[in-house]
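What follows is a single structure, written as structure tokens, with notes after it.
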Amino acid sequence: MQQIIRELIPPLLLKITTNIHHRLFKVHPQPPSPFAYGVEQPPEFYDHTYQSKAHWKKHYTASHYYPLWTVIADRIRHLRVNKVVDIGCGPGQVACLLRDIQVPDYIGLDFSPARIAKARSVCPEYEFRVADIFKNNLLALGDYDCVLIMEFLEHIEQDLTVLNQVFPSTIVLGT
């Protein structure tokens, strides 16, 4: 929608109306991002968002995702899952929740080194790997009961490729 507006309104008029809007509604423009939005992002993007967003550093119970994560944890407990592979595990908040409900085995994958470093520090009981799921054969091995794909599939173009790698009859939980 913004692109259509930009194409229809002459640039000078757009700049003037944008400035008026910002002054009236006290909108502060965001600093320019080094990343292009709307496309798959490199690991540096996720390192950057981790560093710039406070909610990634909070205890899992203080996260705005906590209500959703409790539903996932309840399903895992109810299904008696023993080994979880979490694709796009982030900084370990969900891992800590699963540890606290005593899931015996967990592997977290993320291709953001900053997020994996945080995950390892907050949940040393579990295994975390800096990994790109497209360059890793972990899913093909089938040595897991459940695959978590929360806040992951919408960030990639080859979502069906990932799902097709999951070993048959595996529990897949996602958001």
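The model shown is predicted, which means the values in this text are computed figures rather than measured ones.
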Original post:
Hey, is CD on Glu125 packed in by over 12 heavy atoms from elsewhere, all under 6.0 Å?
Top reply: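 Count over threshold, so yes.
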Original post:
Got a sec: does the NE2 of His64 have more than 12 other heavy atoms crowding it under 6.0 Å?
Top reply: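 Buried by this count: over 12 neighbours within 6.0 Å.
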Original post:
Distance from Ile149 atom CD1 to Leu163 atom CG, nearest 0.5 Å?
Top reply: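 The CD1 atom of Ile149 sits 5.0 Å away from the CG atom of Leu163.
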Original post:
When rounded to the nearest 0.5 angstrom, what distance separates OG1 in Thr49 from CD in Gln41?
Top reply: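 Here the interatomic distance stands at 9.0 Å.
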Subject >> side chain to side chain donor-acceptor pair (under 3.5 Å) partners for Gln158, two or more places apart >> reply: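 In terms of side chain to side chain donor-acceptor pair (under 3.5 Å), with neighbours along the sequence ignored, Gln158 is linked to no residue.
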Look only at the side chain of [X] and the backbone of [Y], and say whether a donor-acceptor pair between them is shorter than 3.5 Å.
X     : Y      : answer
Asn82 : Pro104 : no
Ser63 : Tyr60  : no
Gln93 : Lys58  : yes
Lys53 : His48  : no
Arg77 : Ile101 : no

Please say yes or no: joined through hydrophobic side-chain contacts below 4.5 Å, possibly via intermediate residues, are [X] and [Y] part of one cluster?
X      : Y      : result
Leu68  : Leu79  : no
Val71  : Leu97  : no
Val122 : Met150 : no

Subject >> Candidate pair Phe128 and Tyr106, rule ring pair (Phe, Tyr, Trp, His ring centres under 6.0 Å), full reasoning >> reply: CA-CA 8 Å; Phe128 296 94; Tyr106 172 99; 5.6 Å; yes
**OP:** Output, in order, the C-alpha distance, side-chain angles, deciding distance and verdict of side chain to side chain contact (heavy atoms under 4.5 Å, CB included) for Phe167 and Leu141.
**Re:** CA-CA 7 Å; Phe167 203 74; Leu141 299 175; over 6 Å; no
Original post:
side-chain contact (heavy atoms from CB on, under 4.5 Å) with Tyr144: which of Val84, Val81, Leu139, Ile107?
Top reply: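 Option passing the side-chain contact (heavy atoms from CB on, under 4.5 Å) with Tyr144: Leu139.
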